[in-house]
Amino acid sequence: MPSRIKEFPNRFAELPASDKVGLLRTMVRIRAFETRAEMLFMNKKIPGFVHLYIGEEAIATGVMANLRKDDWITSTHRGHGHVLAKGADTKRMMAELFGKKTGFCKGKGGSMHIADFSVGMLGANGVVGGGYNIAVGAGMSAQIKKTDQVAVCFFGDGASNRGTFHEALNLASIWKLPVLFVNENNRYASTTPTGYHLSSARVADRAKGYGIEGYTVDGNNVVEVYDAATTLIENARKGKGPAILECLTYRIKGHYVGDPEKYRTREEVQAQQRENDPIERYFAFLAGKKAADEATLSALRAEAEREIDEAVAFAESSPLPDPEDALDDLFSFSPSEFPEAVR
Amino acid sequence: MPSRIKEFPNRFAELPASDKVGLLRTMVRIRAFETRAEMLFMNKKIPGFVHLYIGEEAIATGVMANLRKDDWITSTHRGHGHVLAKGADTKRMMAELFGKKTGFCKGKGGSMHIADFSVGMLGANGVVGGGYNIAVGAGMSAQIKKTDQVAVCFFGDGASNRGTFHEALNLASIWKLPVLFVNENNRYASTTPTGYHLSSARVADRAKGYGIEGYTVDGNNVVEVYDAATTLIENARKGKGPAILECLTYRIKGHYVGDPEKYRTREEVQAQQRENDPIERYFAFLAGKKAADEATLSALRAEAEREIDEAVAFAESSPLPDPEDALDDLFSFSPSEFPEAVR
Amino acid sequence: MRTITFSDATLEAMKEEMRRDPTVFVYGEDIVRQGGIFGQFKGLPEEFGDRIRDVPISETAIIGAALGAALTGTRPVADMHFADFISVAYDELVNQIAKNRYMFGGQANIPLVVRAPDGIINQAAAQHSQSVEGWLMNVPGLILVAPSSPATAKGLLKSSIRQNDPVIFFEHKVLYPQKGPVPEGEYLTPLGKAEIRRPGTDVTVVTYSLMVQKCEEAAKALEAKGISVEIVDLLTLKPMDTATILDSVRKTHRCVVVHEGVVNGGLGAEIAARVQAEAFYHLDAPVLRVGAKDVPIPFSPPLEKYVAANLSDIERAVLRVLHREA
Amino acid sequence: MRTITFSDATLEAMKEEMRRDPTVFVYGEDIVRQGGIFGQFKGLPEEFGDRIRDVPISETAIIGAALGAALTGTRPVADMHFADFISVAYDELVNQIAKNRYMFGGQANIPLVVRAPDGIINQAAAQHSQSVEGWLMNVPGLILVAPSSPATAKGLLKSSIRQNDPVIFFEHKVLYPQKGPVPEGEYLTPLGKAEIRRPGTDVTVVTYSLMVQKCEEAAKALEAKGISVEIVDLLTLKPMDTATILDSVRKTHRCVVVHEGVVNGGLGAEIAARVQAEAFYHLDAPVLRVGAKDVPIPFSPPLEKYVAANLSDIERAVLRVLHREA
Ligand SMILES: Cc1ncc(C[n+]2csc(CCOP(=O)(O)OP(=O)(O)O)c2C)c(N)n1
Ligand SMILES: Cc1ncc(C[n+]2csc(CCOP(=O)(O)OP(=O)(O)O)c2C)c(N)n1
Ligand SMILES: [Mg+2]
Ligand SMILES: [Mg+2]
């Protein structure tokens, strides 16, 4: 694992013990959710596409621990971890994956279009690189309304090759918008390795082109992610402008559930699973400091399973949307007010 | 004037004396063409928009001196200098500006859409940043057909903020395409100074984000431009891939003919005119080396005026297109072959 | 009534709305230092400071950020410089802005306005002369507006800024310097409502934007031939006020659609399709369409003129639906 | 005749053309290492080496570079991954590719193909389910093609690659695994020509792509009610074979247009507008349109199903133009 380029102040140390365990809890919850989602998809309970966050939990967890509820994030097609870490309700989330009426998007979105605006989660996105400028716009709102809210934009290594990256970063930089760009470099864009698709050695190397700071951290070390995010989000909140935080990680599962994965070896994946599991690593770290033990971990796992069980039960028992609901929600007014609007 | 960051080998020294004077000739021709075009526009002989290249002549001249006829360039809305330096015929060029049938584009393009494919000039562009990927595609052709042709993409400082810049540079880099990206940093994008719109200190600073070299040279010193372009174009031709060459210059005239120019002071422009005229500077340099004298310069000017006179006479005496010609040229087949194609 | 220019009418709308609501802000290329190409932003920086801003040449950021801003409590007005460049931010418009409210189940309103100067002017040629509403007609989730006069420009722009949905506001470049009567004080022109610009009995001409004037001219010329033309000025192109069109056609039994953009696949196709479907038994002739020929806009004056729809095209179409020879 | 899948039929077309012409090359996202999402590129890397390449997620480069390559002596085939992402490269398509030949006075040919997998499949939702031909109908300078079967896929793809003009090649995602008869050996299916998929006398149904099958099913069901449906499969959407449509309508006197995309502003608008304009006095009923409802494609199965056009929509429209109740 390459190590971080810059030492950030050790702000993790300032966290109360319960919050340290809280980071583990969030990671365990995400893992449990994703593992279940995979199974549910294979059992045809969840339709559409599902892109799993397994192996990348430390990033959403370490970053989101620094955000307030009124801060915003934009997410990707691989968004479940972001939704959970931002504090969204698991029940309504699972219901959305099931396509149920009680889901966050009333079944209109599904996994690739999940959002919970009530906690500042501005949406997963089916268009890779579609989130950058939404985050920039949220940053504009904060600046125009003179609040100290920040926006965090999550994006993949593959997404860093979209032109929207360039336009967003340049604008965020010249206006000093309160936006942190968090790259989840999981070494693949679908079937394509970063060594092929990325012309710079690191995504963070692109920061210089925008006159801002770019850092690379071990994205499977939640402490490192937390420390970097704390400093960079505080900077953004204080008006010091945007930065790139590149988190090196690894996508343990296929690009989507069902991916034949012909572009990499089983061994490569297994080595990562064995040596670089963010939950195992953080647990070992906490255990080493006597801040957690096996009992803590099993309790968290059991708690997470219960939460997911409830979420699944809620989703299963929720009604499907009525077909005619399909005509709602396009505009702020209702189709009956103005039938021409939805013909 | 900031000086170049890197010393390139002094390849200018290897040029025969006649070619050294040739560079002066090209700059003088461009200046004469543009000065006349301005007048013709103001006299309503030329319709549409005209963006003048006055003050930036050293860039097209120094770069193009390194290209073969079968190499390609893509240009911008400010394209007259590129067209002339690439070796296009002045008569047909002027005729195009006049909207005449004998113009390169049969009057369909005009100043902002001028092209001469026969000399590898793949077109001016009314969309800022529209040329990057056309140049990338030309580089692909060279690679697929295994020729040693190169493509040069000219672009402005403002254009460097388009997302197409990012996508083109990344792709050209990973495929090592034979493309040189020549930035004409004339300190303004229309009304907006680079200090405002550009987040990096230099356009060339963006090269690192694509794992390639980026250099900044004094774009009003044709020798410096020539030397840098020689090396970088040779590199591209040899398969070493793309680079960014940023040429610092200044737009002496308004953004377009008729621009009220409220965004800068008269003094700023006059100082540039006085101290940084690329033709004066190169002439002084040649004169200092006894490679040219006042007589050379007046002869070149007279020759250029004659050429432009002839071009104007040609344009004036050429017929306007027939109205129905408007239905030709959309497809490779003629509308009469397939009337449905152009309804 | 006082007369002011179209450009000034939009300026009044901006000022009134920006005074009224501190969350309204505006940005675009080259709007601060020179007041916009058509003077349509003059004076705003002096009064509103950093609520009016220049942006880099980054159309995906301009439009994409408008969505982010709208979702988070402000009301952005983004200027497109030329409507032709909507193409650059097309994904942001059609896959993000148009779909956001729907695919997220109505969680947020999207109060944003994209101002888009369009149309043919001064031999600006293929990439600066387009009417691009035809690019957006097949996209559910957008409101398309096209004023035809200073008065409608002011009232519609104000309504658009207050609308909680994304509005693309097409302003014909030729209209900016034109003067027309504009009521004093505050008023709103409702979205989604067409206006009968001229009542008539023989033929319904459906049109919008600059073409309203051309149709009025044609109507006058036709009046001399004893033909009474009713002109429907759509004002909102989508959602379209089909009822007003149909009411008129049911009265006149004939319909011609006129717009500046290319006929093939243009707005007129949708109007013709609706009129024939919903007033078939009232029609005494097919619905005819008038607009640009099926090529890009060429540069040279005789070519440009030939491609664009002109007065006699309109007159000829009207005569044809009346089964009269021109 | 042997039967092969649609996907394999396109593969044969690619192989034959790449063998025939060394300047044909192909690139897109995720096509080399796994053969494309729908297997439509399997085996090409083995035979053609670096003439088939993966690209970064950079749609403006993919499409923009295709223009540059086409202008300089090669014949690029660029894969769009999902047709929905045409939006990202819309400027490259509509302002560069579509206009290049024209605005430069016909200096160069533009032999390029954009392959665009489109349509509704497996609850892929708003941003991965679209039929986007409606985005491009108002753009002069593009050829739009939509095969409906393995045989037409092969013949049309080969013709598209040989065409000296830009072709957008829509391939419905549901069609890829479907098998159908495909002639052995080389053949070309001409661009710009529709085919009568099923002869009939009572109603003309104009359709294309996957919907051809749906219309055939509907036609069978209607046959049981004594109704004879003629199905026109457009194959090329633009330029459209209007003559074949009109010939059919002049015979049947009734016309229904069926497509998967949104009705409002869709291809059916243009077809209806043409048919009523050019066969008005032959029509016994208005031209009706069947397609998706006027919203993005929602995720949840009952919603998706409700929004998409279905068999009974087609049947109902046919009965309506026959003035019969469903
Ligand atoms: C604009 C666009 N192009 C292509 C795709 C298809 N696609 C979906 S995910 C993906 C790979 C994304 O890679 P990366 O950004 O690294 O994110 P990761 O999947 O690794 O989390 C691709 C190519 C898309 N959804 N949007
Ligand atoms: C995509 C796009 N956005 C905006 C414009 C309007 N426009 C034309 S030239 C120009 C400024 C270009 O600046 P720069 O790239 O620095 O080139 P320069 O004019 O200085 O040579 C702008 C904003 C355009 N033509 N295309
Ligand atoms: Mg990745
Ligand atoms: Mg400039």
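The sequence lines fix the lettering, A, B, ..., with proteins before strands; numbering per chain opens at 1.
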Contact origin within C/L142 toward chain A - heavy atom pairs under 4.5 Å: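 Contact with chain A involves the backbone of C/L142 alone.
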How many angstroms lie between [atom1] in [X] and [atom2] in [Y], if you round to the nearest 0.5 Å?
{"X": "C/T72", "Y": "A/I134", "atom1": "OG1", "atom2": "CD1", "result": "10.5 Å"}
{"X": "C/R101", "Y": "A/D329", "atom1": "CZ", "atom2": "CG", "result": "6.0 Å"}
{"X": "A/F338", "Y": "C/L191", "atom1": "CZ", "atom2": "CG", "result": "8.5 Å"}
{"X": "A/M140", "Y": "C/F25", "atom1": "CE", "atom2": "CZ", "result": "5.5 Å"}

May I ask you to name which of A/N170, A/D325, A/N133 has the most heavy-atom pairs under 4.5 Å with chain C? A/N133
If you count heavy-atom pairs under 4.5 Å with chain C, which of A/K108, A/E340, A/E167, A/Q143 comes out on top?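 Top count of heavy-atom pairs under 4.5 Å with chain C: A/E167.
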If you check every heavy atom in [range] against those of chain A, which residues fall under 4.5 Å?
{"range": "residues 60-68 of chain C", "answer": "C/T60, C/A61, C/G64, C/A65, C/L67, C/G68"}
{"range": "residues 158-168 of chain C", "answer": "C/Q163, C/N164, C/D165"}
{"range": "residues 234-249 of chain C", "answer": "C/P239, C/M240, C/T242"}

Flag yes if more than 12 heavy atoms outside [X] fall under 6.0 Å of its [atom1] atom; otherwise flag no.
{"X": "A/E213", "atom1": "CD", "answer": "no"}
{"X": "C/K251", "atom1": "NZ", "answer": "yes"}
{"X": "C/K193", "atom1": "NZ", "answer": "no"}

Indicate yes or no: at least one non-hydrogen side-chain atom of [X] is less than 4.5 angstrom from one of [Y].
{"X": "C/Q96", "Y": "A/N125", "result": "yes"}
{"X": "C/N100", "Y": "A/L122", "result": "no"}
{"X": "A/L171", "Y": "C/S58", "result": "no"}

Is the backbone N or O of A/A115 less than 3.5 Å from a side-chain atom of C/Q107, with the two atoms forming a donor-acceptor pair by type?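 Side chain of C/Q107 to backbone of A/A115, a donor-acceptor pair under 3.5 Å: yes, one is there.
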Is it the case that the side chain of A/K106 and the backbone of C/G105 share a donor-acceptor pair, with hydrogens and angles ignored and the cut-off at 3.5 Å? yes
Side chain from CB out, backbone as N, CA, C, O: work out which of these in [X] comes under 4.5 Å of a heavy atom of chain C, or both, or neither.
{"X": "A/A341", "answer": "both"}
{"X": "A/A326", "answer": "both"}
{"X": "A/D328", "answer": "backbone"}
{"X": "A/I174", "answer": "side chain"}

Looking only at non-hydrogen atoms, find the nearest pair between C/G73 and A/S141 and report the distance.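 Taking every non-hydrogen atom into account, N-OG, 4.2 Å.
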Let's test your reading of the structure: which of [options] forms the most heavy-atom pairs below 4.5 Å with chain A?
{"options": "C/I110, C/T23, C/N95, C/D91", "result": "C/D91"}
{"options": "C/E92, C/K99, C/R53", "result": "C/R53"}
{"options": "C/P76, C/G106, C/G141", "result": "C/G141"}
{"options": "C/P56, C/P111, C/A89", "result": "C/P56"}

Any ring-ring contact (aromatic ring centres under 6.0 Å, His included) involving residues 108-147 of chain A? Give me the pairs, sequence neighbours left out, ordered by first then second residue.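 Qualifying pairs: A/F117-C/F104, A/Y132-A/F155, A/Y132-A/F165.
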